[in-house]
Each structure stands twice: as C-alpha cells, then as structure tokens.
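One structure is given below, encoded as structure tokens.
Order of the sequence lines sets the chain letters (A, B, ...), proteins ahead of strands, with each chain counted from 1. Hydrogens, waters and symmetry mates play no part in the numbers below; they use all other heavy atoms, side chains included.
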Amino acid sequence: MVNEAGAGHLGSELSCVDLLVALYFGELRVDPTDPMAPGRDRFVLSKGHAAGALYVTLAEAGFLEPDEVSTFMRAGSRLSGHPDRKAVPGVETNTGPLGHGLPVAVGMAKAARLRGEDWRTYVLTGDGELQEGSNWEAGMAAAQFRLDNLTLLIDHNRFQQGAPVAETNDLAPLADKWRAFGWHVVDIDGHDFDSIHAGLDVARATSDRPTCLMAHTNKAEGVSFMRDRVAWHHRVPTEEEYVRARADLTEGPS
Amino acid sequence: MSPATQRALHDCRGAFAETLVELAEANPDVVAVCNDSVGSSKLEGFKERWPERLVNVGIAEQNLVGVAAGLANGGLLPFVCAAACFLTARALEQIKTDVAYSDTNVKLCGISSGMAYGELGATHHSTEDFGWTRVIPNLTVIAPADREETRQAVRAAAAHRGPVYLRLSRMGVPDIMPDGYRFAIGRAVRLHEGRDVSIIANGTLTHRALDAAELLAREGIQARVINMATVKPLDEDAIVAAARDTGAIVTLEEHQVHGGLGSAVAEVVVSHEPVPMTILGVPGIFAPTGSASWLLDRFGMSAQGIAASARELVHRKRTKVAP
C-alpha cells in the first residue's frame, strides 16, 4: 500500500498494527454494518500518521472494501494520509496533528458517564507524541473525572520522526509519569496478542481511574532490515526492499 | 453626548446564561464546558442546577475544546464557555481539527471578546478571532448586538447541526432590536434606512452605528445601518444591495481591521459591486490599555467618529470622476 502510494509512515504503522488487530478482533464492540451505532465502543487513533494501518484493519473488519486500500493517498481518494471521519466509516475523530486524540477520548468517556451508558473509549497514541502538552492536560482531567471507562494504549516504540525519543526530549520515566497523574499503568508486549488482551482485561476490570497500557513495541516490527531504524518512520521501500519486507512478514526473517 | 449614553446598558452575558439554562431545561444533552470560567461566563446558575453537567477542565484550553468534541461524539450538545482570547488563540488547532474538520456539534462561546478586557492589556484582547475563525471551513461565526439577539443567537446555535463560534461581549449595550425581531443564521437585518451610505456593523458596534446614523441625518445624510451578526456564512445579498443602493460602505468592528468583518464585506464588494469603503476597527496594532469604550472611541468608532468617516466617504463618492 505504501509502495503504491509512494508515501506513508511504514515504521509507525508496523509498530502499532498488532494493537489495532487486537482491538478490532477481540475487544471493540463495533459493527461495520452500523458504524455510528450510539452504543458502540469508541476507538481514536491519535497517531493519525498510522492511518494506513488503520485502513487495512478497518478493511479486514468489514468497514471498507478490501480493494479500496490500494487507493491510499491517491488523488481524490477518501483514504487520506491522515484519517477523516466524514469520509471513512469507523473513524471517530480526525487526527494528524499530534496530541489531539486523548483530549477527545476524555470527552467521549465523560459523555458515556454523563449519559449512564456502558460503552468504552480506547485511544492509541505514539510515544514521541506525548511531548505534546495537550496529552498531559487530558491525562489530568481523565484522572480527575475518574474515567475508568477510558483506556490509553501507548505505542512505545522509542523512536520519533527524526531520532530516538530519548535523544530528543526524553519521556522517561514514562510509566511513573502516568502513575503520578493518577492512572493505572500496565506494561504489555505490544506484539504479543496474549499480553495485549491480558492488559485490556485488566483495564476493563479497573475501577475509579483510567488505565494506561504501556505497549512495548518496535518500530517497523516484523521487517528485519527496517526494525528500530529511524529512517523507516516514513521512508518508502524500493522494489527490492519491498520484496524482502514481504518475505520477512510472511515467512519470518531469513 | 451620543444618544446611547442616555439608554440603559446591558451586559449580554446575562441573556446568554439565561438562555443556556432554558436550553438545558428542555434538553438533557446540553452541557456546559469551561476552563475555570464559571464566574466570567455567568454559569453559577447552571452549575447550581446541574453540577454534573458543568464539565470544568481547569485552565487547559486545548483539552477544553478536545473534550467538547468528544462529548459531542458521545451524543451530548456541548457549549464551551471561555474567554474569547484564550479559547480561539490557544485552542485554534483543536477548533480546526477536532471541531470544524471533524464536524462535531460543538458550540464555542467566546466570552468577553474584542477589547472587553481593555484595561488588562493586549494579551487579553481578542481582536483577531473573526479572522481566525471565519477562514476555517464548516464553522459558523456569529456576533450578536444586544440581549434579544444574543438570546436568539444562542437558540439558533443550539438548533443548528454543526460547529458554531458565538462571539459575545461583557461590555454594556442598549436594547436595539425592534419588537418582533427574528434572528436567522446568515441573514443580516436593516435597522435604519438610507440611500447615501451604508454602515455595516455587529456586536458592540451596532448601536454606535445607529447613533452615527442619527447624527448624519441631522446634516441631511441618510445612512443605511445593517446589523451583520453572522460573519460566516455572510449575507452576500445584503452587501451587494448596500453597495448598489448606497454606493459607499463603512464597516465597524471590535476587531483588527485586517481579516474581520470589514475584510469579509470587502471580499464581496470587490467581486460583485465595487464601491468605496472605509474599514474601521483596531488599526493593526496591539491596543493600549483602556476601557473598551475609550478604545473604540480612540479608534474612530464613537458616533461622531463613525459619522465623520461616513461623511468623508459620501464626499469621495460624490466627487468621484466618472470614467
């Protein structure tokens, strides 16, 4: 898809796609035949630059026709480089600028609480994204409002666009920060489905405070020559690299 | 002494808050969202009635607007109540992305807009917000001129499906709308008839425009006064008719002269019916400290100042050499 488009954020997509799969095939109560059902669970992809991973997941879940993903970022396609809720069923809010998803998710969770409804809200952020201050405004509010119907998943792949997070504006100790903000923090392996689902189970069972699942992930997971290399945040593979990457993903690294 | 000073002046925040309470009584989905701005938005009554429906996020405007978008996604009808200067400037990207582009049913209420906080200095003046908001697609922008128009604008915003920015003041204004006045989004209204010059204003300036029209009438200049509460979508027909019928337009706004109501009117005038215009407002500077009233006078928007600009424009129109 990224090769067809000639653009995208492959590294960021491969680090979070396992989380998306776990959410859409085992956690979220959403219905592709009624994507706006009032009682649906809400999922917010705050790291909107991973839109490609969301589109393939939505297609697999029945929200989009599988063929349509090959129009990704083409002129006139509704599958823009960042998701647009008016155009794409299953998208809840438009993201792209970082630090927008968690505040909106806090509002969603608060709405469910005010209306006395039992649907849950999930939001997936990157880790570099947490350098945006709006996340911490929202983090405080979520704890203040005791939003135990809110789950934050952090795709903690340790890299941002230009460099490792630690060398840019280090977030460590990240789990301690969320704990200090009043959140229940659970470390999970973001590439292990049992671990992801165990974390989601804990979040659902937690009362009186929101849960943060610290998903330890690898940038460009699954492709040996891309993994944890900062260049692959938004590099487009050559034809030869594409063939090697596909082989890695389908057969495992050689 | 201008005629307005003889009339009782009213802070429209009262009308705003009363109407919000009425809406909340009728619709359990109405919620108020604020940033430690309960008092300045006159939300004490709302808070007393429905403490759980007043969502106070503290001093955090980005979160304020994001949370409102999420509340709307969850089926509620949020009215964000915050000082206009912080709401629009601090949270502009949230207004663009979470509210306008995401098309969430959020009502943004910018309180104490313009130079209502005149004495607090330029940090607290909101004289860029017409420009910032009106260029964002899918965002309706309204600045009501008195208590009755405020009440109706709040109801219209609630009834409108989609994002709205309501620009409110705290500066006292007289009741000026005629009996039976009906506000509609996107429709301007003539409050004084004339064929020599048009004065287009909204918000705190409309009553000053009416006072100026009275002064002009005494010297034989008949001014059409148009209250243009909706800055977007603009009532283009009213503007084109004003240009065609009167041949000269003065605009007034408690806003920078760049990018606001005057600019919006000029965009229509140059495209459809070019006539001489004078755009009055804050002349591209950070305004000095002073009351809003003193500042408006200083920037040529006393009744006398407006009349002088209109008079000069009529003179220009009449002495213009035909091509």
Side-chain angles (χ1 to χ4, degrees), chain A residues 36-44 46 48 80 82-88 91-123 132-147 149-150, chain B residues 24 27-36 50-80 82 86 90-108 136-139 161-163:
Chain A
M36 295 298 285
R40 70 194 182 277
D41 286 341
R42 266 60 168 186
F43 171 68
V44 174
S46 190
S80 175
H82 297 88
D84 175 3
R85 68 167 284 275
K86 290 280 279 178
V88 184
V91 174
E92 296 285 354
T93 184
N94 297 0
T95 51
L98 297 172
H100 282 246
L102 186 55
V104 176
V106 168
M108 291 168 172
K110 181 74 175 167
R113 180 62 51 76
L114 285 169
R115 293 171 65 98
E117 295 170 354
D118 73 349
W119 48 271
R120 297 181 59 80
T121 301
Y122 301 80
V123 52
E132 291 282 6
S134 51
N135 292 298
W136 303 98
E137 294 183 5
M140 282 186 280
Q144 177 77 25
F145 299 154
R146 300 172 184 269
L147 297 177
N149 55 353
L150 173 66
Chain B
N27 181 355
D29 289 334
V30 169
V31 292
V33 193
C34 70
N35 56 337
D36 194 21
W50 303 286
E52 73 289 353
R53 286 162 67 184
L54 182 98
V55 180
N56 189 348
V57 302
I59 307 160
E61 288 75 26
Q62 297 182 74
N63 192 43
L64 174 80
V65 175
V67 163
L71 290 166
N73 174 291
L76 298 175
L77 180 52
F79 279 74
V80 177
F86 309 131
R90 193 62 164 264
L92 192 62
E93 192 181 82
Q94 279 73 18
I95 292 173
K96 173 189 168 188
T97 303
D98 308 349
V99 176
Y101 183 32
S102 293
D103 192 30
T104 44
N105 199 20
V106 173
K107 315 307 166 184
L108 303 160
I136 296 177
N138 192 35
L139 183 58
R161 171 67 191 80

Val123(A) vs Val104(A), side-chain contact (heavy atoms from CB on, under 4.5 Å): CA-CA, chis, key distance, verdict: CA-CA 9 Å; Val123(A) 52; Val104(A) 176; over 6 Å; no
Do Val88(A) and Pro83(A) come close enough that some side-chain heavy atom pair is under 4.5 Å?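 No, too far: nothing below the 4.5 Å cut-off.
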At a heavy-atom separation under 4.5 Å, does Val31(B) approach chain A through its side chain, its backbone, both, or neither?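 The side chain, not the backbone.
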Where does Asp29(B) contact chain A at under 4.5 Å (heavy atoms): side chain, backbone, both or neither?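 Just its side chain gets close to chain A.
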Derivation of the side-chain contact (heavy atoms from CB on, under 4.5 Å) call for Asn73(B) and Thr93(A): CA-CA 8 Å; Asn73(B) 174 291; Thr93(A) 184; 5.6 Å; no
Mind ranking [options] by heavy-atom pairs under 4.5 Å with chain B and telling me who comes out on top?
{"options": "His100(A), Arg85(A), Met108(A), Met36(A)", "result": "His100(A)"}
{"options": "Arg42(A), Arg40(A), Met140(A)", "result": "Arg42(A)"}
{"options": "Ala141(A), Gly101(A), Ser134(A)", "result": "Ser134(A)"}

If you look at every heavy atom in Leu64(B) and Ala82(B), which pair is closest and at what distance? CD2-CB, 3.8 Å
Show the nearest heavy-atom pair for residues Asn138(B) and Ala100(B), with the distance to one decimal.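 Shortest heavy-atom separation between Asn138(B) and Ala100(B) comes out as ND2-O, 2.9 Å.
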If you measure from [atom1] on [X] to [atom2] on [Y], what distance do you get to the nearest 0.5 Å?
{"X": "Asn94(A)", "Y": "His82(A)", "atom1": "CG", "atom2": "NE2", "result": "11.0 Å"}
{"X": "Leu150(A)", "Y": "Tyr122(A)", "atom1": "CG", "atom2": "OH", "result": "10.0 Å"}
{"X": "Glu132(A)", "Y": "Leu102(A)", "atom1": "CD", "atom2": "CG", "result": "12.0 Å"}
{"X": "Arg90(B)", "Y": "Ile95(B)", "atom1": "CZ", "atom2": "CD1", "result": "13.0 Å"}
{"X": "Leu71(B)", "Y": "Phe79(B)", "atom1": "CG", "atom2": "CZ", "result": "13.0 Å"}
{"X": "Leu98(A)", "Y": "Glu93(B)", "atom1": "CG", "atom2": "CD", "result": "9.0 Å"}

Choice from Arg53(B), Glu52(B), Gln94(B) maximising heavy atom contacts with chain A below 4.5 Å: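 Top option by heavy-atom pairs under 4.5 Å: Gln94(B).
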Top residue by heavy-atom pair count (under 4.5 Å) with chain A, among Ala72(B), Pro78(B), Gly75(B), Ala69(B)?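 Sorted descending by pairs with chain A, the first entry is Gly75(B).
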Report which part of [X] has an atom under 4.5 Å of a heavy atom belonging to chain B: side chain, backbone, both, or neither.
{"X": "Lys86(A)", "answer": "side chain"}
{"X": "Ala105(A)", "answer": "neither"}
{"X": "Glu92(A)", "answer": "both"}

Chain B contacts: which residues in residues 113-120 of chain A have a non-hydrogen atom closer than 4.5 Å to it?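 Expected list: Leu114(A), Arg115(A), Trp119(A).
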Sort by residue number and list every residue of residues 101-108 of chain B having at least one heavy atom under 4.5 Å from chain A. Tyr101(B), Ser102(B), Asp103(B)
Output, in order, the C-alpha distance, side-chain angles, deciding distance and verdict of side-chain contact (heavy atoms from CB on, under 4.5 Å) for Phe145(A) and Val55(B). CA-CA 9 Å; Phe145(A) 299 154; Val55(B) 180; 3.8 Å; yes
Under the rule for salt bridge (Lys or Arg N to Asp or Glu O under 4.0 Å), what residues qualify as partners of Glu61(B), not counting sequence neighbours? none
Go through the structure and list residues passing side-chain contact (heavy atoms from CB on, under 4.5 Å) with Ala60(B), not counting sequence neighbours. Glu137(A), Asn63(B)
